[in-house]
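Written out below as structure tokens is the structure these notes cover.
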There are 2 protein chains.
Amino acid sequence: MTHSRSKYDSGCPVAYALDIFGDRWSLLVIRDMAVKGARTYGELLAGWEGISTNILAQRLKQLEQAGIVTKEKDPDSGRSFVYGLTQKGRDLAPVLIEIALWSGRYNPDPDALTGFLDKISADRTGTEARMRAGERP
Amino acid sequence: MTHSRSKYDSGCPVAYALDIFGDRWSLLVIRDMAVKGARTYGELLAGWEGISTNILAQRLKQLEQAGIVTKEKDPDSGRSFVYGLTQKGRDLAPVLIEIALWSGRYNPDPDALTGFLDKISADRTGTEARMRAGERP
DNA sequence: TTTTTTACTTGCGAAATGCAAGTGTTCGTG
DNA sequence: CACGAACACTTGCATTTCGCAAGTAAAAAA
């Protein structure tokens with residue numbers, strides 16, 4: 001088997017993607033890195049939604065294996081690691097953007113956090129370009 | 001409570017969306033309707049990935065409650081129902097498209113099913129417009 | 001009238017999730 | 001250098017969800 005498909009990957013491109021981030025947390029971890037600029041385990045743990053620590057560790061491993069996330073030692077601190085997104089991970093920017101736009105259109109919650117949405121609305125092309133370049137949007 | 005958030009919905013637009021389709025199957029069901037034109041329970045059950053019947057029933061209920069999916073009696077058959085996408089559901093077209101484009105770029109599987117991808121590549125704007133209009137792309 | 005089709009529901013073992021607590025380095029402070 | 005705090009996890013265990021198989025009910029076909 002040259003390219004082993006998982007149990008669920010039928011060969012459909014949508015299924016391939018869901019195989020990687022089709023769960024409750026993976027995309028939120030990617031969002032924390034791409035949009036909020038989270039770089040350490042602690043920052044990811046303290047995200048808005050409150051992922052539990054074992055799940056976060058597992059997801060980071062999976063995303064690393066999938067080539068979405070990188071993990072390196074922090075040169076300035078022996079106990080810290082720096083997580084980051086690969087180009088493959090940063091290229092999920094359009095997916096995050098379209099999801100956010102869709103939610104902006106249909107989420108009835110008046111208290112929704114619109115920071116990211118505002119950025120996209122103001123300058124979608126620029127926001128996407130910055131995310132793809134690994135900068136904070 | 002006017003707008004009850006689920007356990008995980010932090011108010012972030014990405015979290016709102018994942019609350020609705022952030023699982024293994026929901027987006028595949030939506031894809032089957034939006035891309036493949038599946039309209040009955042049986043057609044959805046016979047999809048590429050092989051969802052089990054209890055999960056399909058549960059997801060259809062949830063998606064109906066979320067205002068993504070409609071369910072009506074088939075006027076031509078007393079035992080059949082016709083499932084469809086609402087505008088909210090059809091407006092997920094850009095999300096499906098971006099996911100497919102991303103997979104097309106990064107999926108190493110040479111046997112990947114590229115039907116949808118080919119359509120997007122040939123005419124993205126038209127494909128999206130047809131999906132939004134409820135036609136088969 | 002019997003069989004088949006369609007759309008589910010139910011039961012149950014297996015797997016994933018969530019929470020709390022614990023572990024092993026490393027760094028700052030006295 | 002000792003000691004506590006910080007960081008990045010791991011482990012255990014109860015709860016929830018999933019997945020497969022089998023069963024059910026009503027309508028249509030034979």
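Numbers restart at 1 for each chain; the letters A, B, ... are given by sequence-line order, proteins then strands.
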### Message
Under a 3.5 Å threshold, yes or no: a donor from one side chain and an acceptor from the other, between A/D91 and A/Q87?
### Response
yes

### Message
Holding to ring-ring contact (aromatic ring centres under 6.0 Å, His included), I want the full list of residues that pass it with B/Y106, two or more places apart in sequence or in another chain.
### Response
B/W102

### Task
Strictly below 4.0 Å, heavy-atom distances to any atom of DNA chain D: list the hits from residues 57-66 of chain A, or just say none.
A/A57, A/K61

### Summary
Sequence neighbours excluded, the answer for side chain to side chain contact (heavy atoms under 4.5 Å, CB included) partners of A/D76 is A/D74

### Summary
Atom CD1 of B/I51 and atom C1' of C/dA7 are separated, to the nearest Å, by 14 Å

### Query
Does A/E98 have any salt bridge (charged side-chain N to carboxylate O under 4.0 Å, His left out) partners at least two apart in sequence or in another chain, and if so, which?
A/R124

### Per-nucleotide protein contact string for nucleotides 20-30 of chain C (B base, S sugar-phosphate only, - none; heavy atom under 4.0 Å)
-B----BS---

### Task
Output all residues satisfying side chain to side chain contact (heavy atoms under 4.5 Å, CB included) with B/A46, sequence neighbours left out; order by chain, then residue number.
none

#### Entry: Pairs flagged by side-chain hydrogen bond (donor to acceptor under 3.5 Å, both in side chains) wherever residues 12-28 of chain A is involved - sequence neighbours left out
A/S6-A/D19, A/Y16-A/K88, A/D19-B/R24, A/D23-A/S26, A/D23-A/R59, A/R24-B/D19

### Message
Under the rule for side chain to side chain contact (heavy atoms under 4.5 Å, CB included), what residues qualify as partners of B/R136, not counting sequence neighbours?
### Response
none

### Query
Between C/dA7 atom C1' and B/I55 atom CD1, what is the distance in whole Å?
16 Å

### Task
Check the distance between C/dC8's P and B/K73's NZ and give it to me in whole angstrom.
11 Å

### Query
If you check the A/F81 side chain, which of D/dA8, C/dG18, C/dC8 turns out closest?
D/dA8

### Query
Below 4.0 angstrom from OP1 or OP2 of C/dC8, is there any side-chain N or O of B/Y83?
yes

## Note on the structure
In numerical order, the residues of residues 20-44 of chain A whose heavy atoms come under 4.0 Å of DNA chain D are A/T40, A/Y41, A/G42

### Task
Using atom types as modelled and distance alone, determine if a side-chain donor or acceptor of B/Q65 lies under 3.5 Å from a backbone N or O of B/K61.
no

### Message
Can you give me the bend angle of the helix from C/dT1-D/dA30 to C/dG30-D/dC1? Use the axis through the first five pairs and the one through the last five, nearest 10 degrees.
### Response
10°

### Task
Please tell me which of A/K71 and B/G50 maps to the more 5' nucleotide of DNA chain D, matching each residue to the nucleotide holding its nearest heavy atom.
A/K71

### Donor-acceptor contact present, side-chain B/T40 to main-chain B/E43, <3.5 Å
yes

### Message
With a 3.5 Å distance limit and no angle check, can you tell me whether A/T86 reaches the backbone of A/I68 through a side-chain donor-acceptor pair?
### Response
yes

### Summary
For B/E49 and A/S10, the nearest pair of non-hydrogen atoms, with its separation, is OE2-OG, 2.6 Å

### Task
Taking side chain to side chain contact (heavy atoms under 4.5 Å, CB included) as the test, write out the residues that go with A/A57, two or more places apart.
A/Y41

### Message
Suppose we screen for salt bridge (charged side-chain N to carboxylate O under 4.0 Å, His left out). Which residues come up paired with A/K119, at least two apart in sequence or across chains?
### Response
none

### Query
Within this structure, what is the CG-to-P distance between A/L45 and D/dA6, rounded to whole angstrom?
15 Å

